[in-house]
Amino acid sequence: MTYYKRHIDRQLIEWKDSPRRKPLLIRGARQVGKSTAVREFGKLFRYFVEINLEKQPDLLQMFPENIDVKKTCEKLSGTLGIPIVPGETLLFIDEIQISKEAIMSLRYFKEDYPELHVIAAGSLLEFALEELPSFGVGRIRSLYMYPFSFDEFLMAQGLDLTIDYKKKATSEEPLTDKAHKDLVDQIRTFYLVGGMPSAVMEWIESHSYIEVSRVHTDIIQTYEDDFNKYKKRVSPVLLRQVLRSVALQVGNKFVYALAIRDVHSSVVREALSLLTLAGLITPVKHSDGTGIPLGAEENNSYVKYLFFDLGVMLTMLDIPAADILTASEVELVNKGGTSEMFAGLEMKKYQDCFQKPEMHYWQNTEKGSNAEVDYLRAHDGKVFPIEVKANTQGSMQSLWVFMRKRQLHEAVRTSLENFGQFDHYDPKDHFEQRHVDIVPLYALSNLELNATETGE
């Protein structure tokens with residue numbers, strides 16, 4: 001089976017060679033490629049030991065409450081017939097959520113066997129970790145993994161040079177018209193295919209949107225089957241309804257009353273919490289945006305949600321492929337919050353994979369105002385607003401209101417325009433100059449690249 005390169009490949013190699021290495025716990029939703037990435041990484045070792053605690057329940061006895069990890073490794077080696085040698089073996093414990101004792105054992109690998117490379121992963125892992133809030137503070141490192149980013153989608157098609165070219169582009173040196181058009185076409189395709197590895201693989205092999213949608217349907221069914229494994233406080237039927245409501249409300253403040261009739265908001269809130277733990281939705285919380293950290297000024301009464309994958313969401317909502325493929329660029333950006341969601345997912349995927357992502361937006365909560373800025377992020381110690389807009393300079397009054405209130409002078413507009421920039425002289429603020437960089441939706445990874453270079 002072909003392996004398609006992922007961003008975490010480099011992070012895994014750096015972890016392998018780090019003298020301060022800790023056991024690694026890979027966290028993320030089901031089917032995003034966690035196990036596949038680890039197996040590929042395992043080829044760098046002389047020996048690779050993979051155990052699956054869901055498929056091999058007889059191995060659970062290897063992880064008692066009072067564990068001696070060196071003895072456990074001796075037993076595993078003898079049982080599986082594979083040497084476990086520090087520096088030469090990668091031990092991979094998959095579906096670790098099955099055993100709280102196995103999760104707790106990770107801390108002892110750091111304390112008693114730090115020279116051994118150990119990685120763990122699992123499905124619905126967040127539910128188990130929620131019950132073990134201090135399972136390994138300071139002794140275990142988490143790595144967060146998501147579906148393919150747009151850059152990974154391009155890499156899977158062998159377009160590495162295209163990625164390099166767009167990462168070097170700036171407002172002073174934009175892409176050629178042909179390169180820009182080709183990337184806009186790739187964006188259309190990515191909207192429909194999404195980033196789930198099985199869907200990406202199907203697209204590369206068949207180039208059939210019909211077959212890709214069938215893969216999406218299988219993914220949706222798998223996730224819905226998992227609902228029976230969630231905590232018993234919320235029924236699987238209600239979870240399905242709330243998940244669909246998130247898809248329908250993408251790009252807007254989530255309204256509980258629109259999710260399901262005659263159900264108390266506390267039940268819907270619990271369903272949202274469970275779907276968040278499962279990695280199926282990501283909250284984008286309101287922040288006043290007066291300073292850093294943005295999370296210090298959250299208002300939980302105003303929350304938007306990102307669906308975990310755009311391609312899967314479009315299939316769930318029965319959006320015809322032709323609606324995406326034939327839409328004008330302006331229509332595509334403005335279509336039902338899809339581009340806003342794409343932008344949010346991209347920025348989440350390009351953040352530091354060793355930190356749990358936090359997403360924020362701004363909404364003017366003053367009565368009679370509907371001003372809203374799609375995303376806020378921290379940049380160089382300052383608040384940095386990002387607006388998802390069509391390719392016109394009009395309709396940016398919300399951005400000017402926010403920048404005026406916070407006395408900010410730099411922002412980004414992301415759209416399907418080529419790279420560019422412009423200055424706005426605010427007539428409501430003594431013609432104060434405010435600078436806006438135009439970054440294409442397909443180049444949002446450039447923002448994260450620049451953030452890294454500036455030491456954010």
Side-chain angles (χ1 to χ4, degrees), residues 1-7 28-37 39-40 145-163 166 178-226 240 243-244 247-248 250 279-280 306-329 331-333 335-339 341-343 345-346 349 416 440-442 444-445:
M1 182 182 294
T2 303
Y3 178 74
Y4 299 110
K5 293 185 291 185
R6 305 297 303 272
H7 294 314
R30 183 188 289 276
Q31 298 187 42
V32 297
K34 300 185 294 294
S35 300
T36 302
R39 292 184 191 119
E40 182 68 17
M145 190 172 181
Y146 311 104
F148 277 58
S149 68
F150 182 62
D151 280 5
E152 289 174 321
F153 179 66
L154 296 177
M155 283 194 294
Q157 299 174 77
L159 299 174
D160 299 67
L161 292 177
T162 300
I163 297 171
K166 75 181 179 69
K178 183 182 186 309
H180 169 71
K181 181 181 181 302
D182 289 346
L183 282 165
V184 170
D185 289 341
Q186 285 284 354
I187 278 276
R188 294 179 189 272
T189 297
F190 188 68
Y191 275 28
L192 294 167
V193 175
M196 296 300 283
S198 55
V200 172
M201 186 178 301
E202 179 60 48
W203 170 253
I204 290 173
E205 293 178 356
S206 71
H207 276 67
S208 167
Y209 292 118
I210 294 175
E211 292 302 320
V212 168
S213 70
R214 289 172 179 162
V215 172
H216 291 159
T217 300
D218 291 342
I219 292 170
I220 293 167
Q221 186 61 57
T222 299
Y223 280 129
E224 291 184 346
D225 289 345
D226 276 343
R240 293 187 189 99
L243 182 62
R244 182 175 179 83
L248 291 168
V250 157
L280 301 188
L306 303 176
F307 199 87
F308 70 96
D309 182 75
L310 183 51
V312 174
M313 187 187 83
L314 294 180
T315 294
M316 173 185 278
L317 297 179
D318 294 320
I319 304 297
D323 283 9
I324 302 298
L325 298 174
T326 62
S328 70
E329 293 179 9
E331 291 171 337
L332 189 58
V333 172
K335 186 177 288 293
T338 53
S339 290
M341 193 183 99
F342 168 83
L345 291 176
E346 282 289 286
K349 292 169 185 176
L416 289 178
L441 282 163
Y442 56 70
L444 283 168
S445 59

J.: Strictly distance-based, threshold 3.5 Å: is any side-chain N or O of R30 a donor or acceptor partner for the main-chain N or O of I219?
T.: no
J.: Nearest 0.5 Å please: distance from the OG1 atom of T2 over to the CD atom of E205.
T.: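 With rounding to 0.5 Å, OG1 (T2) is 7.0 Å from CD (E205).
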J.: Are D151 and K166 within salt-bridge range, i.e. N to O under 4.0 Å?
T.: yes
J.: With sequence neighbours left out, write down each residue that passes side-chain hydrogen bond (donor to acceptor under 3.5 Å, both in side chains) with D218, or none if nothing qualifies.
T.: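 Here no residue qualifies.
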J.: Take F148 and V193 through the side-chain contact (heavy atoms from CB on, under 4.5 Å) test and state the conclusion after the steps.
T.: CA-CA 10 Å; F148 277 58; V193 175; over 6 Å; no
J.: Are the side chain of Y209 and the backbone of P320 linked by a donor-acceptor contact shorter than 3.5 Å?
T.: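 The answer is no, because no donor-acceptor pair under 3.5 Å joins these two groups.
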J.: Counting only N and O atoms by type, is there a donor-acceptor contact under 3.5 Å from the side chain of H216 to the main-chain atoms of G311?
T.: yes
J.: Please name all residues satisfying side chain to side chain contact (heavy atoms under 4.5 Å, CB included) with T162, sequence neighbours left out, ordered by chain then number.
T.: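 Listed in chain order: L159, L183.
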J.: Side chains of K5 and D160: does their closest heavy-atom pair fall under 4.5 Å?
T.: yes
J.: Going through the checks in order, is the side chain to side chain donor-acceptor pair (under 3.5 Å) test met by Q221 and D225?
T.: CA-CA 6 Å; Q221 186 61 57; D225 289 345; 2.9 Å; yes
J.: Using modelled atom types only, decide if a donor and an acceptor are shared between the side chain of S339 and the backbone of L332 within a distance under 3.5 Å.
T.: yes
J.: Ignoring hydrogens and geometry, is there a side-chain-to-backbone donor-acceptor pair from E152 to S149 under 3.5 Å?
T.: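 Side chain of E152 to backbone of S149: a pair is present.
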J.: Between Y191 and F342, how do the two ring planes meet: parallel, tilted or perpendicular, split at 30° and 60°?
T.: tilted
J.: Working to the nearest 0.5 angstrom, can you tell me the gap between R188 CZ and Y442 OH?
T.: 13.0 Å
J.: Would you please name every residue forming a ring pair (Phe, Tyr, Trp, His ring centres under 6.0 Å) with Y146, sequence neighbours left out?
T.: none
J.: Tell me if a side-chain donor or acceptor on E346 pairs with a main-chain N or O of F150 at a distance below 3.5 Å.
T.: yes
J.: What class does the angle between the rings of F190 and F153 fall in, given that below 30° is parallel, 30 to 60° is tilted and above 60° is perpendicular?
T.: tilted
